[in-house]
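Worksheet for the structure shown next.
All residue numbers refer to positions in the sequence shown, counting from 1. Order of appearance sets the numbers: ligands from 1, and atoms from 1 within every ligand.
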Amino acid sequence: MSAHPVLYEGKAKILYATDDPDVLLTHFKDDATAFNAQKRGSIVGKGEMNCAISSHLFQLLEAQGIATHWLSSPAPNEMKVRSVKILPLEVVVRNIAAGSLCQQTGLPLGMVLQEPLVEFYYKNDALGDPLLTLDRLLLLELATADQVEALRTKALQIDRLLSDFFQKCGITLVDFKLEFGLDRQQNILLADEISPDTCRLWNQADTDPAQRVLDKDRFRHDLGNVEAAYRQVLERVLAQPVQPQGEAML
Ligand code: UDP
């Protein structure tokens with residue numbers, strides 16, 4: 001564990017300073033929360049599993065030209081990242097209707113969307129992370145119009161890359177949440193984590209609506225076998241190389 005000052009402690013991670021002002025250390029915790037922290041618990045081994053899954057996916061995305069904050073993983077539940085100013089937005093991409101999309105629109109669970117849907121939520125616990133309109137986002141100056149367009153383009157690129165990758169793992173990427181930050185030069189870097197905490201992942205080998213769930217919905221809805229589901233994702237993700245063979249970037 002780091003002897004450096006804690007900069008921030010969130011629900012699933014602790015952020016430490018390092019000797020280098022441009023580098024931070026993230027410690028992934030086993031703590032789990034859901035429904036805006038109204039439900040709390042712990043998933044044994046989650047910190048290490050999410051750190052390993054995220055590290056693998058960030059490296060995969062970097063290899064495909066997506067700039068991320070990932071630098072290294074010095075310990076199983078630790079990730080060194082570039083220091084960025086996080087934009088107060090949760091960028092959600094959906095390929096299949098689930099969760100709040102179904103609750104708020106009445107679309108049936110599991111409906112395949114014709115086109116991926118990109119949504120922006122206000123990252124604000126006190127307000128319950130509300131869904132934003134573009135005009136509200138601009139009114140609150142959470143990002144500029146150009147940044148919003150860049151975020152949308154990046155989110156869709158990431159969706160294509162991750163959907164293809166999870167397909168090779170026998171997993172359907174239903175939806176996921178991304179966070180982005182700005183470095184000193186105002187470059188937009190993908191930040192935070194990509195893990196079963198932040199994605200809906202369905203096992204393609206299972207059609208049963210409860211059995212197929214390999215993500216935090218098992219914790220949210222008390223479906224049981226949470227650790228085993230996260231471990232399934234970990235094993236399948238790590239079995240796939242970061243860089244597809246024959247596609248090395250020149
Ligand atoms: N999500 C997340 N953090 C949040 C809210 C959502 O990681 O604070 C992820 C969630 O795991 C899912 C996607 O974003 O993969 C879409 O979530 P949804 O809006 O359906 O939210 P829910 O009400 O189901 O949490």
Side-chain angles (χ1 to χ4, degrees), residues 8-13 26 28-29 31-41 43 46-47 49-51 53-54 57-58 68-69 86-113 115-133 136-137 142 151-152 154-156 158-159 161-163 165-166 169 171-181 190-203 209-210 212-223 226 229-230 232-233 237:
Y8 172 79
E9 177 156 4
K11 286 170 264 186
K13 297 189 284 298
T26 309
F28 284 68
K29 302 194 284 186
D31 298 353
T33 63
F35 309 120
N36 205 13
Q38 287 172 57
K39 181 180 169 80
R40 289 172 183 275
I43 300 171
K46 177 171 83 82
M49 292 192 279
N50 279 1
C51 185
I53 294 166
S54 286
L57 296 176
F58 280 138
T68 80
H69 71 160
I86 296 284
L87 294 166
L89 294 172
E90 299 195 337
V91 183
V92 169
V93 185
R94 302 176 187 274
N95 298 305
I96 293 177
S100 69
L101 180 65
C102 295
Q103 284 151 23
Q104 294 171 9
T105 65
L107 285 176
L109 173 69
M111 197 189 89
V112 177
L113 307 183
E115 296 289 335
L117 180 66
V118 180
E119 297 177 324
F120 296 89
Y121 292 79
Y122 187 13
K123 194 170 142 60
N124 184 319
D125 283 339
L127 296 175
D129 296 343
L131 177 63
L132 289 164
T133 63
R136 284 187 183 187
L137 190 163
L142 303 178
L151 291 172
R152 186 187 300 279
K154 278 181 200 292
L156 289 170
I158 293 166
D159 180 47
L161 293 167
L162 291 183
S163 291
F165 179 82
F166 278 115
C169 302
I171 291 173
T172 299
L173 178 60
V174 174
D175 60 28
F176 58 100
K177 184 263 303 180
L178 301 172
E179 294 185 26
F180 293 88
L190 177 63
D192 195 47
E193 67 178 284
I194 308 173
S195 72
D197 271 9
T198 62
C199 302
R200 282 198 172 90
L201 303 167
W202 291 352
N203 185 4
R212 69 185 171 191
V213 173
L214 294 177
D215 57 67
K216 199 165 138 185
D217 274 350
R218 298 207 77 82
F219 170 77
R220 289 189 186 99
H221 304 300
D222 298 316
L223 299 178
V226 187
Y230 277 58
Q232 269 285 312
V233 175
V237 163

**Q.** Point-to-point distance, once rounded to the nearest 0.5 Å, from CZ of Phe28 to SG of Cys51
**A.** 4.5 Å
Q: Taking salt bridge (Lys or Arg N to Asp or Glu O under 4.0 Å) as the test, write out the residues that go with Arg152, two or more places apart.
A: Glu149
**Q.** Asn36 backbone acceptor or donor facing Asp129 side chain under 3.5 Å
**A.** no
Q. Do Leu190 and Lys154 come within less than 4.5 Å of each other through their side chains, counting heavy atoms only?
A. no
Q. Is there side-chain contact between Leu117 and Leu101, with heavy atoms separated by less than 4.5 Å?
A. yes
Q: Answer yes when Asp217 and Arg200 have at least one side-chain N-carboxylate O distance shorter than 4.0 Å, and no when they do not.
A: yes
Identify the protein atoms, limited to N or O, that lie within less than 3.5 Å of an N or O atom of ligand 1, and list each pair with its distance to 0.1 Å.
from: ligand 1; atom 1: 8 (O); to: Glu90; atom 2: OE1; distance (Å): 3.2
from: ligand 1; atom 1: 11 (O); to: Arg220; atom 2: NH2; distance (Å): 2.9
from: ligand 1; atom 1: 15 (O); to: Asp175; atom 2: OD1; distance (Å): 2.6
from: ligand 1; atom 1: 15 (O); to: Thr198; atom 2: O; distance (Å): 3.4
from: ligand 1; atom 1: 15 (O); to: Arg200; atom 2: N; distance (Å): 3.3
from: ligand 1; atom 1: 19 (O); to: Arg94; atom 2: NH2; distance (Å): 2.7
from: ligand 1; atom 1: 19 (O); to: Ser100; atom 2: OG; distance (Å): 2.6
from: ligand 1; atom 1: 20 (O); to: Arg94; atom 2: NH1; distance (Å): 3.3
from: ligand 1; atom 1: 20 (O); to: Ser100; atom 2: N; distance (Å): 2.8
from: ligand 1; atom 1: 20 (O); to: Ser100; atom 2: OG; distance (Å): 3.4
from: ligand 1; atom 1: 20 (O); to: Arg200; atom 2: NH1; distance (Å): 3.0
from: ligand 1; atom 1: 24 (O); to: Arg200; atom 2: NH2; distance (Å): 2.4

